[in-house]
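Since the structure comes first, as structure tokens, the remarks are kept for the end.
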Number of protein chains: 2
Amino acid sequence: MRVLLIEDDISLADGTVKALRRAGYAVDHAATGGDGRRYVEAGQLDIVILDLGLPDIDGLALLRELRLLQSGLPILILTARDALTDKVAGLDAGADDYLTKPFAFEELLARIRVLSRRNTPVREPELKFGNVLINIASHEVRLDGEVQKLSRREFAILRALADRPGQVFSREQLEEKLYSWGDEVTSNTVDVHVHNLRKKLGHDLIKNIRGVGFILGSTG
Amino acid sequence: MRVLLIEDDISLADGTVKALRRAGYAVDHAATGGDGRRYVEAGQLDIVILDLGLPDIDGLALLRELRLLQSGLPILILTARDALTDKVAGLDAGADDYLTKPFAFEELLARIRVLSRRNTPVREPELKFGNVLINIASHEVRLDGEVQKLSRREFAILRALADRPGQVFSREQLEEKLYSWGDEVTSNTVDVHVHNLRKKLGHDLIKNIRGVGFILGSTG
DNA sequence: CATTTTCTTAAGTCTTTCTTAAATGTCGCC
DNA sequence: GGCGACATTTAAGAAAGACTTAAGAAAATG
């Protein structure tokens, strides 16, 4: 298991590196963002621990770059920035976990274990279908770059379909994604929302399969 | 996106449930571990938020149980227990994230988004017969790579035949696949659909065995 | 608490698909 | 080769399903 620590504070990095090695990991250390990027480009890494206050590159920008380089690579942000907005921004930018300094080393190890046992692939925070771009975090959807305001239910339907492109969802399945237990609905709400979605995002994005349901993003 | 909150403190749960719903999630709430387990058994969930101080079951034991029931289901622990050993134990027992109370709701949402980015790869069951490719998930059928639009009944017949290639199906057997009990039909519908299928997919795919029924030949 | 937005319902319209039945075609047996 | 049984084709009316619209109810927002 090979870990890359991107951290500019040398003395802090030193201690962490040593402790990680003691815990049985092979550890690389990069003191700058540019350096870190080169390590990731070289491949062979299983997990990246990223400090945000780097001297040369904005941490979140680097994070997005690394994601592009290796989309499945788990990235844990480890930083002194404990403001809520920083956490949310970091996680939404594609980080898999966010730990603030000062931290308990045992917790870092546990969170590394969580990330390293994960074997399912991870999706980008943004989804793209043709000329439609879906930002899960901001509930913002763009058609040809232009922001379209979606209501909550519209977004929920779109997201459900976008989670599994090429898979048909029956109305019942979609309702399950929209309504909590006890809130079931007995009308053609889904149809109406789909209709409104199509008005906003174009008529070809969501297709209907007669007698079966709705589907997004397959060629048929 | 369907979230289950397992939490015994009713007033806290109420607030969280409402806020989650406002964020666009379908939310189920279980006040006991046993209840929570039943929700998970029922399926349809995308993520579980688990409180550890439950009245009836030890939280970690429940966590392990849920993991067995649905191994890919993301579980986030949300608890007042902020001791390091609790965190480590929770994460090592199989939780995907661990958030301590009191918490910022925005952070919970961000961490839910992280977990929902994971998508369990789904096997796409495809059946192939000569130059005909059948995709069950998308209800798509291709002839020489080109998508052919099939109606519901046509697809049902083709799927029935394709499920057991080389086996002859009588008209009665095929009708059983098309109609629910009580909907029986008294004409040559099956023949008509087979005819339309052949028009779309070539005349050799579905063969007739005189006096017996229809069969899908793998040698086409 | 008033205003605005979003959600649900339901009814009407439109489209596709299903069924029916009758005509035509084919096989195999006498 | 002709006859009867079975299979295929055709077309039209019926039925089912999808889409659209609008209005009242509910929920969010300030």
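Residue numbers begin at 1 in each chain, while the letters A, B, ... track the order of the sequences.
The distance from atom CD of Glu184(A) to atom OG of Ser180(A), rounded to the nearest 0.5 Å, is 8.5 Å. Atoms CD and CD, from Glu65(B) and Gln70(B) in turn, are 13.5 Å apart once rounded to the nearest 0.5 Å.
A salt bridge links Glu7(B) to Lys101(B): at least one charged side-chain nitrogen sits closer than 4.0 Å to a carboxylate oxygen. Salt bridge annotation for Arg2(B)-Glu176(A): absent, with no cationic side-chain nitrogen under 4.0 angstrom from a carboxylate oxygen. Ion pairing of Glu154(B) with Arg152(B) is absent here, as no side-chain N (NZ or NE/NH1/NH2) approaches a carboxylate O to less than 4.0 Å. A salt bridge between Arg118(B) and Asp96(B) is present, with a side-chain N of the basic residue lying under 4.0 Å from a carboxylate O of the acidic one. A salt bridge is defined here as a Lys NZ or Arg NE, NH1 or NH2 lying under 4.0 Å from an Asp or Glu carboxylate O, and Glu124(A) with Arg67(A) fails to meet this definition. Contact check on Asp191(A) versus Arg171(A) returns a salt bridge, with a Lys/Arg side-chain nitrogen under 4.0 Å from an Asp/Glu carboxylate oxygen.
In this structure, Arg210(A) reaches the bases: a heavy-atom distance under 4.0 Å links it to at least one base atom across the strands shown. Residue-level contact check: Leu150(B) touches neither bases nor backbone, having no heavy atom under 4.0 Å from any strand. Within the nucleic acid shown, Ile206(B) has no heavy atom closer than 4.0 Å to any nucleic acid atom. Nucleic acid contact for Arg171(B): sugar-phosphate only, since backbone atoms but no base atoms lie under 4.0 Å from a heavy atom of the residue.
Overall bending of the helix from dC1(C)-dG30(D) to dC30(C)-dG1(D), expressed as the angle between end axes built from five pairs apiece, is 40° (10° steps).
The closest donor-acceptor contact from the side chain of Asp8(B) to the backbone of Ala31(B) lies at 3.5 Å or more, if one exists at all. Panel note: side chain Ser170(B), backbone Gln173(B); a donor-acceptor pair is recorded below 3.5 Å. Side chain of Asp9(B) to backbone of Leu12(B): a donor-acceptor contact under 3.5 angstrom is found.
Residues from residues 175-194 of chain A that place a heavy atom under 4.0 Å from any atom of DNA chain D, listed by number: Asn188(A), Val192(A).
A nucleotide of DNA chain C counts as in contact with chain B when one of its atoms lies under 4.0 Å from a heavy atom; the first and last such, 5' to 3', are dT17(C) to dC27(C). The nucleotide range of DNA chain D contacted by chain B, defined by atoms under 4.0 angstrom from heavy atoms of the protein and reported 5' to 3', is dA5(D) to dA28(D).
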List the atom pairs, with distances to 0.1 Å, where a side-chain N or O of residues 73-87 of chain B and a protein N or O form a donor-acceptor pair under 3.5 Å, not counting sequence neighbours.
residue, atom, partner, partner atom, Å
Thr79(B), OG1, Arg81(B), N, 3.2
Lys87(B), NZ, Glu107(A), OE1, 3.2

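Judged by closest nucleotide on DNA chain D, Asn196(B) is the one of His195(A) and Asn196(B) placed further toward the 5' end.
For Asp144(B), the side chain to side chain donor-acceptor pair (under 3.5 Å) partners two or more places apart in sequence, or in a different chain, are Asn131(B).
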